[in-house]
Amino acid sequence: MARKGNLLFSLFLIAVAGYAAFSAWHWSFKTGFFPLSLAIPLIILVVIHLVLEVVGGSEKASGPAVETEFAADVPPEVARRRVVEIFSWIAGFILIVFLLGFPAAVPLFIFSYLKMQSHIGWLQSITLTAGAWGFFYFLFQRLLNLQFEAGVIQTWMGW
Amino acid sequence: MEAFIDGLFLVLQWKAFSLMMVGMALGFIVGLLPGIGGAATLALMIPFVFKMSPVEAFAFLLGMHSVAATTGDITSILFGVPGEGLSAATVVDGYPMAKRGEAGRALGAALMSSLVGALIGALTLALAIPIVRPLVLTFGSPELFMLSVIGIACITSLSGLSLRAQLRGFATGLLGLLLSTIGQERQSGSLRFDMGLMYLWEGLDLVPVLVGIFAIPELVDLAVRGTSIAGDKPAVNLSSGVMEGIKDTFRHFWLVFRCSAIGVFVGIMPGAGGGVAQWMAYAHAVQSAKDAKEREGFGKGDVRGVLGPGAANNSKEGGDLIPTIAFGVPGSGAMAILLGAFMIMGLVPGPDMLTKHLTVTYSMVWTLAIANIITVLLSLAVLNHLAKLTNIRGGLIIPFVLLLVFVGSYTANNHIADLIVTFCFGLLGYIMVRLGWPRPPLVLGFVLGKLVETYLFISVSRYGFSWLSQPLVLLLIAVMVVVVVYPFVREKPAWAGGGD
């Protein structure tokens, strides 16, 4: 699984670098030199890595790498389901910010997550949502005076 | 000496001191909020200084700015969300410590090393002002280019030592450099990789990239585990953990000192920025590991990975102020904004600040020192309670942290695309961690990319290729070679036995 993932990720990097090199090739020297001088070595390094993955077999890049490690004690099917769930929640949050704007999306998202995903009781969910919205409103909107765009629905409605 | 003492008394006057406390309170909150940097808050607060005296204004602004750098580490450690763009490196080891039930220790170490770093930065500022001119003037664009390349060379230390790990490290570093080329090219103004989107004309902003690549994967992991951040670890005695972190700072004092020196040096160099200082300090902390076994702990919760960036972030503030005060050359974006405050106050940075207004200059040194001492003491009093947040169920924490993550990212450009960028980099970060591709080199490449390109073009335009033979450039090339080769020389058995 990890080997297949590494192969796919290597191909993804080659595609990105290939696109960058192809684009930079057609630009003026000043514009294209730097991206081209990065994209070509990137392709070379990833191709070498790809060859090692294919010929040398799967191997977690040995030696102590400076990187964190994820939990390994959750069954893979459960882990996969939870990953899809959380990324869906994040994508959903972005979607409602796009549709309704931050001020409306914040309470809606917090309440939905607490109630549907975390299975918290009504009273606790409402209290925490109110707290989060109050924090958002007073700190970001009133104190720091951050400007949040209206959602597309409000814009369509002319609000 | 008299001006030095007078500077202290000026800061301790009730009005200046009260304003410094107000600034510190604001800086504390801003530092905790992901993405909203000290520089943005400085810009927001500039209009309030019009009626203040110079000492009061700088006590207010510097008190706020220096504290934001300190408290940014708190969010990084507790939730894996960089509180500041400058505290991303703290996530790498600070958050794993929190997951291990050692949040108190990590917080104690971060705050105490920040204090030591800030004091070293302030002391350097006090001592360096009269003698720094030759150093800054020696560093032209070729030397600054080489310094940036040395930063990139740190990728060796941020990756594993086997051939495949090095390939992955340098590949992600190059990807980071490539991502930094998105947007308008500075020399000719041509657009690169903008995909027809006006949003990309200015390039990718650091905040959504950093917050996405570090915070989202950790939140996903928290959701997958379905526990609290500290997992099922017993509620350890957190107060002893904080004390342990403080002791760690003094146990590794020489490392903290060296990382502070890195921060000061990077701060003095105009345009290098704190993002570079923290990663160079982190890479240096990794290099300080005695053997492969010791090195293995980095990224998994080694306290030295918290001490190094913590010290460098804060010492950088003192370093940043040196060229700003002495020549009116801002060392960073925040210092450029502070330069605006100089103008408002009717002060002209340069020789006057070292003669006529020397007392005001020293009051800044004292503000840096006093604000950090007070912040750390106050923070230590509440750290136990903050550390307990890591024992709250993940399902309760996730929506609130997500809210902070996305509001923080949104402040980069006030554009919905900021959220999409955060999401995309979150996904990329998650895949990279899952597959064992290191994220720090990507961030380092991204932070340094624009600097490398700019300084390279200025150097070539101005000197052709003769700059490559300048003595200081040759010295810096030698330093770069040492930075690249040193980990392999030190870890020869691991490299030889890597099987690659």
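Order of the sequence lines fixes the chain letters, A, B, ..., with proteins taken first and strands second; residue numbering starts at 1 for each chain.
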Under 4.5 Å from any heavy atom of chain B - which part of A:V46:
side chain
Interchain contact, B:F457 with chain A, by part (heavy-atom threshold 4.5 Å)
side chain
Against chain B, label A:L42 side chain, backbone, both or neither, depending on which of its atoms sit under 4.5 Å from a heavy atom there.
both
Indicate yes or no: at least one non-hydrogen side-chain atom of A:V83 is less than 4.5 angstrom from one of B:Y430.
yes
Heavy-atom distance under 4.5 Å to chain A: side chain of B:L427, backbone, both or neither?
both
Would a 4.5 Å heavy-atom cut-off, applied to side chains only, mark A:W27 and B:L191 as touching?
no
Residue part contacting chain B, namely of A:I94, when any heavy atom lies under 4.5 Å:
both
Top contributor to chain A interface from B:I431, B:L396, B:L456 [non-hydrogen pairs under 4.5 Å]
B:L396
Side chains of B:E453 and A:F33: does their closest heavy-atom pair fall under 4.5 Å?
no
What part of A:L128 lies closer than 4.5 angstrom to a heavy atom of chain B: side chain, backbone, both or neither?
both
Test log, rule side-chain contact (heavy atoms from CB on, under 4.5 Å), inputs B:R168 and A:N6:
CA-CA 10 Å; B:R168 290 179 184 188; A:N6 268 315; 3.2 Å; yes
With a 4.5 Å heavy-atom cut-off, do B:R164 and A:E53 have their side chains touching?
yes
Counting C-beta onward and ignoring hydrogens, is there a side-chain heavy-atom pair between B:L402 and A:F109 closer than 4.5 Å?
yes
How long is the straight-line distance from NZ of A:K4 back to CG of B:L435, given to the nearest 0.5 Å?
12.0 Å
Only pairs at least two apart or in different chains count here, so list each side-chain hydrogen bond (donor to acceptor under 3.5 Å, both in side chains) that has a residue in residues 7-23 of chain A.
A:S10-A:H49
Contact part of B:Y410 toward chain A, heavy-atom cut-off under 4.5 Å: side chain, backbone, both or neither?
side chain
With a 3.5 Å cut-off and sequence neighbours excluded, list the donor-acceptor pairs that the side chains of residues 151-158 of chain A form with protein atoms.
residue : atom : partner : partner atom : Å
A:Q154  : OE1  : A:G151  : N            : 3.4
A:Q154  : NE2  : A:L100  : O            : 2.6
A:T155  : OG1  : A:G151  : O            : 2.8

Smallest separation among heavy atoms of B:G395 and A:Y113, with atom names:
O-CE2, 3.7 Å
Working to the nearest 0.5 angstrom, can you tell me the gap between B:N414 CG and A:F102 CZ?
9.5 Å
Given that the side chain runs from C-beta out, which part of A:F148 has a heavy atom under 4.5 Å from chain B: side chain, backbone, both or neither?
both
Give the member of B:L175, B:L178, B:L26 that has the highest number of heavy-atom pairs under 4.5 Å with chain A.
B:L178
Check whether A:A91 gets within reach of chain B through its side chain, its backbone, both or neither, counting any heavy atom under 4.5 Å.
both
How long is the straight-line distance from OG of B:S180 back to CG of A:L38, given to the nearest 0.5 Å?
7.0 Å
Rounded at 0.5 Å granularity, tell me how far CG in B:L174 sits from CD1 in A:I40.
11.5 Å
Under 4.5 Å heavy-atom distance to chain A, tell me which part of B:L177 shows up: side chain, backbone, both or neither.
both
List the steps, then state whether side-chain contact (heavy atoms from CB on, under 4.5 Å) holds for A:F98 with B:L419.
CA-CA 10 Å; A:F98 176 68; B:L419 309 189; over 6 Å; no
Do the side chains of A:W89 and B:L219 get nearer than 4.5 Å, heavy atoms only?
no
Looking at chain B, which one of A:T31, A:L45, A:V74 has the largest number of heavy-atom pairs inside 4.5 Å, strictly under?
A:T31
For chain B, the option from A:A79, A:A132, A:P35 that forms the most heavy-atom pairs under 4.5 Å:
A:P35
Assess whether side-chain contact (heavy atoms from CB on, under 4.5 Å) is satisfied between B:L404 and A:F140, documenting all intermediate values.
CA-CA 10 Å; B:L404 291 179; A:F140 294 117; 4.1 Å; yes
Residue A:I86 versus chain B: region with a heavy atom under 4.5 Å:
side chain
Verdict with reasoning, A:V97 to B:F406, per side-chain contact (heavy atoms from CB on, under 4.5 Å)
CA-CA 10 Å; A:V97 169; B:F406 282 103; over 6 Å; no
Judged by atom type as modelled, is there a donor-acceptor pair below 3.5 Å linking the side chain of B:R393 to the main-chain atoms of A:S118?
yes
If I measure from the heavy atoms of chain A, does B:L428 come under 4.5 Å with its side chain, its backbone, both, or neither?
side chain
For a 4.5 angstrom cut-off between non-hydrogen side-chain atoms, does A:E149 reach B:I416?
no
Which heavy-atom pair separates B:F193 from A:A20 by the least distance, and what is that distance?
CE2-CA, 3.5 Å
Portion of A:F87 that has a non-hydrogen atom of chain B nearer than 4.5 angstrom
both
Give, for atom CG of A:L52 and atom CG of B:L163, the distance between the pair rounded to the nearest 0.5 Å.
5.5 Å
